[in-house]
Structures are given as structure tokens and as C-alpha cells.
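Data first, discussion second: the structure below is written as C-alpha cells.
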Amino acid sequence: MKAEVTIMLKAGVLDPQGKAIGQALHGLGFAGVGEVRQGKIIQLELAETDPAKAKAAAEDMARKLLANTVIESFKVEIKP
Amino acid sequence: MKAGIVVFPGINRERDMAIALHASTGRAPAMLWHKDADLTGLDLVVIPGGFSYGDYLRCGAMAAQSPAMAAIRAHVARGGYLLGVCNGFQILTEAGLLPGALLRNAGLRFLSMDCHLRVERADTAFTNRYRAGEVFRAPMAHGDGNYFADDATLDRLEGENLVALRYATAEGAVTPDANFNGAARNIAGILSPSLRVMGLMPHPEDLVDPLMGGTDGKPLFDALAALEVA
């Protein structure tokens, strides 16, 4: 079973990398781009076969290590 | 005063820290590889700067979860002092030993330059050789030094007088221009409520001898040399 953990800076936490990406897009002539936020995706291969248990385990991993919940939020998606 | 420096893979400022501690205490600090970090008998543990575990995932995240942190927590729990500088500060926030987090510098640039720090309180084991309000120069070298905490945490830090150092002008004015990395409320260094844990981004250990270009950082180490764990 695969889990995909998406980690983003929380709303209100300054994301200078996202800002720089937005400015670069603007510089390339892409019109109509508002705020840009960047984050990361971590893919986990889990031995667990129960989707609910796999999700709970991945969330535990995210809270303990993968995300810093002081500044980041995370979302876990289970994929077959 | 017995000091030990904990070294994680990727830490690279341990020798500067050892020179500063040795000069003030008169004895060489123990250099402790993280895998066999025996902290018994130490008054002070220092986590120096560098790029522990390659800054993978987040600066300090891997070191904060490593087995050595259990020994460091136990050292603090039994009344020992703990100093984290630069990556060491990042590790302490990641480990939850100090609140908040260090974000990417607001201007995105790695900052390798001097800054000025205003001493916000001079009644701690770390800062008592400075005067409150005194300004000293310190080199900084970091890409992620932008201190962040939510407003409630910042209010608590200020309310409990736990901000040790702020970025300031050479004259001591706390201004946005003096705040090169964009840190919340110009915060450069903070203390734990016990006043036995301090973390800061700049490097006082880099200015402890006239040959280094100044001795602005020496009072920090002179203060630490005098401390004793009751």
C-alpha cells in the first residue's frame, strides 16, 4: 500500500520560495498568476494492507517527523 | 565548568566552538560524537552549527529525532545547561526544546555577514557578562534563520522575558533594516523558561580573539565558564 504525504507551509507562514516562483512566472509572461505556494510530497511504501491503518500510520509519521506542525500542515492520501 | 560539544554528521562548526570554550574555561571541552554521547558530569552541552544530516527534510529535523537527543533531554531535565548555535538552534526548535521554527531567510539568500545583536536580558547564565541593552557584533552564516512562531507564542516569549537577543543596528535600534533574515520581532536568540537552554542563529564563537577580528562574542563564553550546575 502506498501513502502520499503532501506537506505545505501553513497559511500565514511566509513562503519566500513560492513568492520567487511566482515572480519568475510573471517574468516569463504568464498572466493571471496569483499567490504561489510550494511544498513537498513524500511517497511511502507501507507493508500495511488496511487503508485506514495505513493512513493512521502515515499521519503519525507526518506528525513525528515528516512535517513540522509549527510551520507546516500535511495531508495523507492512500493509494493502492 | 565542564562542557561537551555534541557532533552530528554534517556539523562543521565544532572546532570554532571548542576554541571559544577552551579560551574562556581553560579546559578543552569534550567532543562527543552523537552515537556515543555520554553527557554525565557535564555542566554545559553545546550543539554547534553546520548542516546536520545534510539539512535533509528540514534543517535540524533528522538530528532532532536521533537517539542522542534523549541524552540531551535528560541532561536538561537534571539541571544541565544547553546552548544551540545556528544549526544547533534549529535542532533545538525541531526537538521542541525551544519553541518556534527557523524558516528560509525572507530574502532567500544565504547570509554570510556580520550582524549586531542587542542583549535583551543580562541576568542569565549565558548573557551576564553583557549589560542589558548592550550591542555586540556577531557573524552569521545561515540560509534558514528567519525565526517564526505564532503570535501567541511570540507574546508569551516576550511576556515571560525569554527573548535573549534581537537583531539591531550598531547603535542598538531594533529596525527592519537590521533584521537581515526577516525574523519575527527581530528575534535572534531565545531562552527556555528555566533559563538553562538558549538558542541563537549568529556565531559569537567566531569573535573571541583579536586575531579573529574582535572579541565581541567572548563575554558569552566567559559567562558560561563561570556557571556551575547546583
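Below, each value reflects all heavy atoms present in this structure, side chains not excepted, and no hydrogens, waters or symmetry copies. Since this is a predicted model, take the numbers as computed values, not measurements. In the text below, chain A, chain B and the rest are named by the order of the sequence lines, each starting its count at 1.
Heavy atoms of A/E72 lying under 4.5 Å from chain B belong exclusively to its side chain. Neither the backbone nor the side chain of A/I7 comes within contact range of chain B; no heavy atoms are under 4.5 Å apart. Only the backbone of B/N105 comes within contact range of chain A, with at least one heavy atom under 4.5 Å from a heavy atom of that chain.
For the atom pair A/K40 NZ and B/L57 CG, the distance stands at 4.5 Å (nearest 0.5 Å). In this structure, the separation between CG on A/L9 and CG on B/L103 is 6.5 Å, given to the nearest 0.5 Å. A distance of 11.5 Å separates CG in A/L14 from CZ in B/R104, rounded to the nearest 0.5 Å.
The minimum heavy-atom distance linking A/V13 with B/F148 is given by the pair CG2-CZ, 3.5 Å. Residues A/P16 and B/A106 share a closest heavy-atom pair of CB-O, 3.5 Å. Closest heavy-atom contact between A/A20 and B/L108: CB-CD1, 3.4 Å. The heavy-atom pair separating B/A101 from A/I71 by the smallest distance is CB-CG2, 3.7 Å.
Residue-environment remark: CD (B/E160) exceeds the threshold of 12 foreign heavy atoms within 6.0 Å. Counting non-hydrogen atoms of other residues, nucleotides and ligands closer than 6.0 Å to NZ of A/K19 gives a total of 12 or fewer. Around OH of B/Y56, the count of heavy atoms belonging to other residues, nucleotides or ligands within 6.0 Å does not exceed 12. The environment of B/R156 atom CZ is dense: over 12 non-hydrogen atoms of other residues, nucleotides or ligands sit within 6.0 angstrom. No more than 12 heavy atoms of other residues, nucleotides or ligands lie within 6.0 Å of CZ in B/R109, so this atom counts as exposed by the packing criterion.
Distance alone, capped at 3.5 Å, is enough to place a donor-acceptor pair between the B/R58 side chain and the A/L66 backbone. Looking only at distances, no side-chain donor or acceptor of A/K64 sits under 3.5 Å from a matching main-chain atom of B/Q65.
Ranked by non-hydrogen atom pairs under 4.5 Å with chain B, the options A/D15, A/L65, A/I42 are led by A/L65.
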